[in-house]
Amino acid sequence: MSGPRLSRTTLRTLEARPGVRLPVVDPGAVTVGIVHLGLGAFHRAHQAVFTEDAAAATGELGWGILGVTQRSGRVVEQLAPQDGLYGVLTKGADETSLRLVGSLRDVAFPGTDTARVLDRIAAPTTHVVTLTVTEKGYRRAVGGGPDLADPDLAADLEALAGELRGAPQEVRPARSPLGLLLRGLALRHGRDAGPLTVVCCDNLAENGPVLAALVHATLDAVPGADALRAWIGASVRFPATMVDRIVPATTDAHRAQARALLGHDDAGLVVGEPFSQWVVEDAFAGPRPAWERAGATLTADVAPYERAKLRVLNASHSTLAYLGALRGHATIAQAMADPDLAGAVRALVDEDVLPTLVAPDGVDLTRYRDDVLARFANPHTGHTTVQVAMDGSQKLPQRLLGTVRDRLAAGAVPTASATTVAAWIAYVRATSRGELDVDGRPVALDDPLASTLAEAAAGPLDSLADRMLGVRAVFGDDLAGQDAFRLAVRSALAGLVADPV
Ligand code: CS2
């Protein structure tokens with residue numbers, strides 16, 4: 001940090017500068033109506049921007065956001081001194097611009113602020129809770145139910161059971177997003193503060209219904225939760241959504257660019273491509289921001305959009321990430337510029353994915369594919385292969401294995417998808433053995449199942465595919481027994497492990 005820091009005070013002294021857009025709402029006039037769990041870069045570059053634009057379009061000032069971080073207080077340390085203000089640096093193919101966002105009105109870390117967060121979820125002025133806690137944040141077990149053995153979730157459920165008994169007690173810090181949400185819902189129910197809508201914005205297939213089912217299944221394990229469960233069934237809605245914007249990790253170079261544009265330091269800076277899309281099921285329990293006035297699509301049926309996005313964009317992304325990292329490509333754009341890899345993603349989409357999709361109204365899926373691939377090729381995003389490669393055990397089931405199952409059920413062998421699975425296996429093996437360098441830097445396996453995966457990846461190469469396909473948490477009970485698929489993975493893997501280049 002070297003200059004003055006962005007804040008509401010310094011904002012007043014900021015004058016119009018080329019390439020910089022000041023907040024389109026007056027942050028001092030906005031009050032909190034949304035609680036967001038998972039205050040990462042994606043939320044700040046996506047839903048917070050739609051929310052600010054909707055407030056500006058309607059003049060409704062009650063839709064400010066309380067952003068709640070997940071694992072550490074670092075984001076609070078970045079944003080609290082800035083009064084929640086931050087910039088989004090947009091990296092287009094031809095130009096870079098910065099907009100400051102005024103919709104994040106408060107920030108909290110559950111480690112120290114759980115009582116305040118619960119209170120806010122239970123406030124009558126709060127109508128919406130949104131979540132971006134990543135695939136692994138939901139702590140689901142094999143089969144999709146809650147992982148009750150997860151110590152953080154278990155601690156939260158114990159606290160919830162105490163809170164439901166009404167026993168006077170200190171508010172224990174929430175340790176999992178689901179625990180925080182359930183405890184907030186319980187307080188809201190107890191206070192009779194009215195209906196609420198919970199909007200899952202993570203890349204999970206059928207994210208709204210999946211979260212609703214998870215909430216109910218979790219409450220089954222909590223003594224004394226019957227009345228709460230009934231109230232949630234009647235008064236809480238879980239619309240499905242499709243979210244899309246490529247948001248690379250912020251680097252020092254981005255911070256320096258933002259400083260040059262703004263003349264101020266911004267510790268909360270996030271970066272995004274110009275494209276941004278949000279499709280939301282219009283099924284709310286109460287009031288909601290007019291996100292459609294900010295370019296979002298509110299619709300009765302999100303499923304076709306969500307499926308197309310996960311299977312075309314996210315699955316191609318992972319393909320480029322694993323094959324790219326194995327070939328030493330640091331960024332997705334570099335991987336996309338490699339003709340072999342561009343060919344691999346085209347084969348994946350054309351041969352395996354498109355036959356499983358129904359086009360959403362008015363969408364031409366081949367054009368959608370071309371637009372997605374063009375976005376990946378944007379060299380200015382700087383999105384790294386290693387960032388996208390993270391958490392493969394959580395991501396592949398959501399973005400790829402549905403395609404695999406659908407093609408197998410249709411009697412086809414999804415060989416291109418088998419290549420992606422093989423690339424992931426090769427990546428797991430190389431990273432867990434400390435054998436992969438990208439851009440001169442060693443890459444470690446970053447995955448919540450890292451130790452299980454490393455164990456399965458160790459051992460003879462000729463049975464590597466079989467051992468990895470036997471990891472049920474990823475491939476379920478069915479895929480290891482699909483012989484044609486297993487053989488396709490084996491044969492793709494033989495090529496990759498013998499000679500990734
Ligand atoms: C990416 C996504 O990191 C990843 O797994 O595939 O974060 C992707 O950039 C977004 O879903 C784009 O909307």
Side-chain angles (χ1 to χ4, degrees), residues 38 40-50 70 88 90-91 130-138 200-207 240-250 270-280 295-297 302 305-325 329-333 335-336 341 345 348-349 353 368-369 371-378 380-403 420-421 423-424 427-428 438 443 445-449 474:
F42 186 75
H43 171 71
R44 280 176 272 162
H46 189 272
Q47 301 102 62
V49 172
F50 279 95
Q70 248 202 106
V88 181
T90 299
K91 307 284 297 176
T130 50
L131 292 95
T132 52
V133 299
T134 78
E135 295 86 343
K136 68 182 167 215
Y138 292 91
C200 176
C201 300
D202 280 297
N203 287 317
L204 302 177
E206 302 184 19
N207 55 8
T241 63
M242 180 272 254
V243 293
D244 191 6
R245 186 172 191 182
I246 290 174
V247 178
T250 308
V270 296
V271 183
E273 62 170 340
F275 181 90
S276 190
Q277 186 179 16
W278 197 9
V279 185
V280 186
T297 303
V302 172
Y305 293 92
E306 190 188 42
R307 180 176 280 219
K309 192 261 173 173
L310 280 169
R311 292 186 180 195
V312 173
L313 187 150
N314 293 111
S316 302
H317 229 179
S318 292
T319 304
L320 290 168
Y322 297 121
L323 288 173
H329 297 308
T331 66
I332 295 291
M336 201 48 215
L341 304 200
V345 286
L348 173 73
V349 177
V353 174
Y368 180 69
R369 170 202 66 199
D371 290 346
V372 164
L373 298 183
R375 287 164 57 200
F376 289 165
N378 173 355
H380 302 289
T381 352
H383 204 195
T384 64
T385 49
V386 171
Q387 184 180 351
V388 178
M390 184 176 83
D391 290 352
S393 71
Q394 313 292 302
K395 290 176 176 175
L396 293 186
Q398 302 298 331
R399 52 183 67 180
L400 183 71
L401 301 183
T403 295
T420 303
V421 170
W424 171 70
Y427 181 88
V428 167
V438 174
V443 181
L445 178 59
D446 188 350
D447 194 295
L449 291 189
V474 179

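Atoms within a ligand are numbered from 1 in the order they appear, just like the ligands themselves. Quick caveat, the model's predicted, so the values are computed rather than measured. Here, residue 1 is the first one in the sequence, and each next residue gets the next number.
Close contacts between ligand 1 and D244 involve ligand atoms 12 (C), 13 (O) [criterion: under 4.0 Å to a heavy atom]. In summary, the atoms of ligand 1 found under 4.0 Å from a heavy atom of H383, numbered by their order in the structure, are 9 (O). Residue-ligand proximity, N203 to ligand 1, at heavy-atom distances under 4.0 Å covers atoms 11 (O). Below 4.0 Å from some heavy atom of R399 lie the following atoms of ligand 1, by number and element: 4 (C), 5 (O), 6 (O). Listed by number with element, the atoms of ligand 1 under 4.0 Å from a non-hydrogen atom of K309 are 10 (C), 11 (O), 12 (C), 13 (O).
Proximity of Q277 to ligand 1 is not established, as no heavy-atom distance is less than 4.0 Å.
The option from M390, H317, Q398 that lies nearest to atom 6 (O) of ligand 1, judged by heavy atoms, is H317. The nearest non-hydrogen atom to atom 8 (C) of ligand 1, considering only I246, N314, L320, comes from N314.
Under the 4.5 Å side-chain criterion, counting only non-hydrogen atoms from C-beta, K395 is not in contact with N314.
Contacts between D391 and ligand 1, counted as non-hydrogen atom pairs separated by less than 4.0 Å, are absent for every part of the residue.
Counting protein heavy atoms only, atom 4 (C) of ligand 1 is closest to K395 NZ, 3.5 Å.
Side chain of D446 to main chain of M390: no donor-acceptor pair is present (N/O by atom type, distance under 3.5 Å, no hydrogens or angles). A donor-acceptor pair under 3.5 Å is formed between the side chain of N207 and the backbone N or O of T241. No side-chain donor-acceptor contact under 3.5 Å links T132 to the backbone of C201.
Atom CD of Q70 sits in a crowded spot, with more than 12 heavy atoms from other residues, nucleotides or ligands closer than 6.0 Å.
Residue R245 places at least one N or O, backbone or side chain, under 3.5 Å from an N or O of ligand 1. Not a single N or O atom of Q387, backbone or side chain, sits closer than 3.5 Å to an N or O atom of ligand 1.
Ring geometry, H317 versus F376: the interplanar angle falls under 30°, so the pair is classed parallel (tilted spans 30 to 60°). Between F42 and H46, the ring planes are parallel. Angles under 30° get that label, and only those over 60° would be called perpendicular.
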**Message:** Set out, in order, the CA-CA distance, both residues' side-chain angles and the distance that settles side-chain contact (heavy atoms from CB on, under 4.5 Å) for V279 and E306, then state yes or no.
**Reply:** CA-CA 8 Å; V279 185; E306 190 188 42; over 6 Å; no

